[in-house]
Amino acid sequence: MSDEPVRVLIVDDDPLVRAGLSMILGGTPALAVVGEAADGSEVASAVAQLRPHVVLMDIRMPKMDGLTATERLRRAADAPEVLVLTTFEADEYVLRALRAGASGFLLKDTPPAEIVQAVRRVAAGEPILSPRVTRRLIAHVADDGADARRTRSRDLLARLSERELEVAVAVGRGKSNAEIGAELFMSVATVKAHMTRMLTKLDLNNRVQVALLAQDAGLT
């Protein structure tokens, strides 16, 4: 993204939350808050007008929730990254947002310095959610659709080559590209190439979704 500040759109129905986040992020030279929205229904037009790199997305909003807004946004070409804002770590909507293509989530009581770091990392293409946290979320959420998702996930993963599947399983175990390369005796560039092909074959946005898919399939 060169030296251009990371452009951030804040979406939350609480004006105090928006003001607090604007103050935190606006005081960082590497970041620029380009706008705010009070509801998910305002996201599409705000993104089209303001062209943010990252959207901080609240979950519960009165007209359109953050999940629906994330799903619609991430289906668009050249969509910005989405960081979900939530009050509770074990929020069933967080998992659904991650499956829709969000790059991670932030608790609303996250320290300011960590919020800044998270936004910068996501803008650089590095999802901030570790699979360990994902597993903890899954453990706290009752889910009656586990069997159906396991079948669907295994069908999707059957599209991958044997080597790509090995990489997908390693991603699901929380391994970095460097760790995957060392474990599977390949260069980091080769790991990245496999990841790119996987995302295309599986029609996914990021490695968080790959990790969730591997976990749904029972491979991690």
Side-chain angles (χ1 to χ4, degrees), residues 1-3 6 8 28 30-31 53-57 70 74 79-86 89-91 94-107 110-140 149-150 153-154 156-220:
M1 201 169 294
S2 68
D3 295 326
V6 175
V8 183
T28 305
L31 305 178
H53 301 121
V54 176
V55 177
L56 286 180
M57 184 83 75
T70 297
R74 293 298 296 170
E81 302 295 339
V82 176
L83 266 176
V84 173
L85 288 167
T86 183
E89 198 168 295
D91 189 326
V94 172
L95 273 176
R96 291 175 62 191
L98 294 173
R99 296 186 197 284
S103 293
F105 75 91
L106 288 173
L107 297 177
T110 299
E114 292 182 22
I115 294 177
V116 169
Q117 181 66 10
V119 171
R120 295 183 68 178
R121 286 173 60 187
V122 164
E126 180 185 352
I128 66 163
L129 184 73
S130 74
R132 286 194 304 276
V133 175
T134 305
R135 280 193 287 270
R136 190 160 70 247
L137 273 167
I138 292 172
H140 282 80
R149 274 213 322 278
R150 174 169 292 197
S153 299
R154 291 185 173 183
L156 283 172
L157 291 171
R159 300 176 184 177
L160 304 181
S161 69
E162 182 177 349
R163 203 59 162 160
E164 289 165 351
L165 182 60
E166 289 176 336
V167 173
V169 171
V171 169
R173 290 174 178 158
K175 303 287 186 180
S176 67
N177 286 345
E179 290 170 333
I180 295 170
E183 182 178 294
L184 299 180
F185 304 102
M186 62 176 71
S187 68
V188 171
T190 301
V191 175
K192 290 180 178 179
H194 282 310
M195 181 64 63
T196 299
R197 285 195 294 272
M198 275 195 294
L199 293 176
T200 299
K201 286 183 179 181
L202 300 172
D203 193 25
L204 299 178
N205 297 125
N206 57 43
R207 67 191 294 132
V208 173
Q209 291 176 305
V210 174
L212 286 169
L213 196 65
Q215 290 164 16
D216 286 344
L219 300 179
T220 60

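We count residues from 1, following the sequence as given. In this text, all values refer to a predicted model and were calculated from it rather than measured experimentally.
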Pairs of donor and acceptor atoms involving the side chains of residues 114-125, under 3.5 Å and at least two apart or interchain, shall be tabulated with distances.
residue, atom, partner, partner atom, Å
R121, NE, E126, OE2, 3.3
R121, NH2, E126, OE2, 3.0

Checklist outcome for this item: Residue set satisfying side-chain contact (heavy atoms from CB on, under 4.5 Å) with A100, at least two apart, ordered chain then number -> T70, E71
Item to check | Minimum side-chain heavy-atom gap V84-L106 below 4.5 Å | outcome: no
Next on the checklist: Restricting to non-hydrogen atoms, name the atom on G218 and the atom on R150 that form the minimum distance, rounded to 0.1 Å.
Outcome noted: CA-NH2, 3.8 Å
Checklist entry - What residues form a salt bridge (Lys or Arg N to Asp or Glu O under 4.0 Å) with R159, not counting sequence neighbours? => result none
Next on the checklist: One pair to check against side chain to side chain contact (heavy atoms under 4.5 Å, CB included): E81 and R74. What are the steps and the verdict?
Outcome noted: CA-CA 8 Å; E81 302 295 339; R74 293 298 296 170; 4.0 Å; yes
Item to check | salt bridge (Lys or Arg N to Asp or Glu O under 4.0 Å) partners of E179, counting only residues at least two apart | outcome: none
Next on the checklist: I need the full list of salt bridge (Lys or Arg N to Asp or Glu O under 4.0 Å) pairs touching residues 199-210, with sequence neighbours left out, sorted by first then second residue.
Outcome noted: E164-K201
Item to check | A168 to L157 - nearest heavy-atom pair and separation | outcome: CB-CD2, 4.5 Å
Checklist entry - Given L107 and T86, is the side chain to side chain contact (heavy atoms under 4.5 Å, CB included) satisfied, shown in steps? => result CA-CA 5 Å; L107 297 177; T86 183; 3.8 Å; yes
Next on the checklist: I'd like to check the side chain to side chain donor-acceptor pair (under 3.5 Å) partners of Q209; sequence neighbours left out, ordered by chain and number.
Outcome noted: none
Checklist entry - So, do V54 and P80 sit near enough that their side-chain heavy atoms are less than 4.5 Å apart? => result no
Next on the checklist: So L160 and V167, do their side chains get closer than 4.5 Å, heavy atoms only?
Outcome noted: no
Donor-acceptor list for residues 184-195 side chains, cut-off 3.5 Å, not counting sequence neighbours:
residue, atom, partner, partner atom, Å
S187, OG, T190, N, 3.1
S187, OG, T190, OG1, 2.8
H194, ND1, R197, NH2, 2.9

Item to check | Point-to-point distance, once rounded to the nearest 0.5 Å, from CD1 of I180 to NZ of K175 | outcome: 9.0 Å
Checklist entry - Quick one: side chain to side chain donor-acceptor pair (under 3.5 Å) partners of N206, sequence neighbours excluded? => result none
Checklist entry - Which distance, rounded to the nearest 0.5 Å, do you find between the CE of M198 and the CG of L204? => result 9.5 Å
